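This one's a predicted model, so the numbers in the text were calculated from it and none came from an experiment.
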Amino acid sequence: MELNKVVVKFVNGSIQKGKTNDFFPSKKQFHLQLLDGKIVVIDIGQLKAIFFVKDFEGNKDRKDCYDDTIIGGGRKIRVLFPDGETIIGFTQGYSAHRLGFFMIPADKNGNNERIYVNNSATKNVSFID
């Protein structure tokens with residue numbers, strides 16, 4: 001099974017990069033193989049979000065542009081985190097009553113392929129018409 005490249009952001013502001021193949025939203029934990037090869041157990045309750053990325057470097061100077069349309073991506077949504085970060089994308093599975101949800105960023109040229117958002121780590125989630 002191929003490992004997913006992920007950047008894990010925690011509610012405390014820390015970040016870890018690595019690979020995983022056992023993340024499931026219904027599980028409380030998953031394993032992350034860090035870039036140095038060490039394997040750690042991640043508690044989903046401590047997460048802000050998991051960014052499934054194309055590569056680990058990305059481009060820190062690039063400004064996200066959330067104007068793309070994702071055919072079959074669901075409804076357009078805006079997620080605001082307490083630290084001020086905002087992500088706009090599309091989701092088919094948002095519910096405030098679930099632990100979290102997946103979204104596809106509305107920026108096809110960005111480094112993120114999809115994002116899992118922990119509902120308890122958000123400040124505001126709203127649909128965009």
Side-chain angles (χ1 to χ4, degrees):
M1 178 181 276
E2 187 172 330
L3 299 175
N4 294 295
K5 294 177 189 173
V6 295
V7 175
V8 180
K9 291 188 178 182
F10 295 88
V11 292
N12 68 5
S14 64
I15 297 173
Q16 290 186 322
K17 296 178 181 182
K19 296 180 179 182
T20 186
N21 69 352
D22 71 344
F23 171 76
F24 297 97
S26 59
K27 291 175 55 177
K28 295 181 185 220
Q29 297 178 328
F30 69 98
H31 296 89
L32 179 67
Q33 180 181 355
L34 300 174
L35 299 180
D36 65 5
K38 181 180 175 184
I39 297 175
V40 295
V41 176
I42 304 295
D43 178 2
I44 292 179
Q46 301 300 312
L47 296 180
K48 170 182 166 181
I50 302 171
F51 296 81
F52 293 79
V53 297
K54 297 172 186 168
D55 63 62
F56 291 118
E57 290 77 38
N59 180 351
K60 294 180 185 355
D61 296 326
R62 184 181 181 282
K63 299 292 182 201
D64 292 323
C65 177
Y66 295 115
D67 295 332
D68 294 333
T69 299
I70 308 297
I71 304 297
R75 293 183 67 189
K76 196 166 190 178
I77 194 168
R78 176 183 290 114
V79 178
L80 174 62
F81 295 98
D83 63 6
E85 182 176 8
T86 300
I87 303 170
I88 297 173
F90 293 87
T91 186
Q92 293 182 346
Y94 172 73
S95 170
H97 305 292
R98 291 189 188 152
L99 294 177
F101 62 96
F102 279 101
M103 62 186 291
I104 300 170
D107 184 351
K108 293 178 185 176
N109 295 318
N111 192 39
N112 298 313
E113 294 179 327
R114 62 186 168 127
I115 302 166
Y116 176 80
V117 177
N118 181 356
N119 267 334
S120 67
T122 63
K123 181 175 182 179
N124 186 6
V125 178
S126 57
F127 287 106
I128 302 171
D129 293 324

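Screening residues 77-89 for salt bridge (charged side-chain N to carboxylate O under 4.0 Å, His left out) gives Lys9-Glu85, Lys48-Asp83, Lys48-Glu85 as the qualifying pairs, with residues at least two apart or on separate chains. For residues 106-115, the pairs satisfying salt bridge (charged side-chain N to carboxylate O under 4.0 Å, His left out) are Arg62-Asp107, with sequence neighbours left out.
There is a path of hydrophobic side-chain contacts, each under 4.5 Å, that joins Ile50 to Leu99. Both Val117 and Val7 belong to a single network of hydrophobic side chains, linked directly or stepwise wherever heavy atoms of I, L, V, M, F, W or Y lie under 4.5 Å apart. Under the 4.5 Å side-chain heavy-atom criterion for ILVMFWY residues, no single connected hydrophobic cluster contains both Phe102 and Leu80. A chain of hydrophobic side-chain contacts below 4.5 Å, direct or via other Ile, Leu, Val, Met, Phe, Trp or Tyr residues, connects Tyr94 to Met103. Both Val53 and Ile88 belong to a single network of hydrophobic side chains, linked directly or stepwise wherever heavy atoms of I, L, V, M, F, W or Y lie under 4.5 Å apart.
Inter-residue side-chain proximity for Thr91 and Phe127 is flagged as met; some heavy-atom pair is nearer than 4.5 Å. Phe81 has its side chain out of reach of Lys123: every pair of non-hydrogen atoms, C-beta onward, lies at least 4.5 Å apart. In this structure the side chain of Phe56 reaches within 4.5 angstrom of the side chain of Lys19, judged on heavy atoms. Put simply, the side chain of Phe90 does not reach to within 4.5 Å of the side chain of Pro105, judged on heavy atoms. Contact annotation: the side chain of Asn119 approaches that of Phe101 to within less than 4.5 Å [non-hydrogen atoms, C-beta and beyond]. In this structure, the side chains of Phe51 and Ile15 stay at 4.5 Å or more apart for every pair of heavy atoms. Here the side chains of Leu32 and Val6 are in contact, with some heavy-atom distance below 4.5 Å.
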I'd like a table of donor-acceptor pairs (distance under 3.5 Å, sequence neighbours excluded) in which one partner is a side-chain atom from residues 34-47, with atom names and distances.
from	atom 1	to	atom 2	distance (Å)
Asp36	OD1	Lys38	N	2.9
Asp43	OD1	Gly45	N	3.0

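Within a 6.0 Å sphere centred on CD1 of Ile70, heavy atoms belonging to other residues, nucleotides or ligands number more than 12. Atom NZ of Lys28 sits in a sparse spot, with 12 or fewer heavy atoms from other residues, nucleotides or ligands closer than 6.0 Å.
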Trace of the ring pair (Phe, Tyr, Trp, His ring centres under 6.0 Å) decision for Tyr116 with Phe23: CA-CA 10 Å; Tyr116 176 80; Phe23 171 76; 5.0 Å; yes

Audit row: Val79, Thr86, side-chain contact (heavy atoms from CB on, under 4.5 Å) steps and yes/no: CA-CA 6 Å; Val79 178; Thr86 300; over 6 Å; no

Check against side-chain contact (heavy atoms from CB on, under 4.5 Å), Asp22 and Lys27: CA-CA 9 Å; Asp22 71 344; Lys27 291 175 55 177; 4.2 Å; yes

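Within the model, atoms CG of Asn4 and CZ of Phe52 stand 5.5 Å from one another, a figure rounded to the nearest 0.5 Å. Annotation: the span from Ile115 atom CD1 to Ile104 atom CD1 amounts to 10.0 Å, rounded to 0.5 Å.
Side chain of Thr20 to main chain of His31: a donor-acceptor pair is present (N/O by atom type, distance under 3.5 Å, no hydrogens or angles).
Nearest heavy-atom pair, Pro82 versus Ala121, reported as atom, atom and distance to 0.1 Å: CD-O, 3.1 Å.
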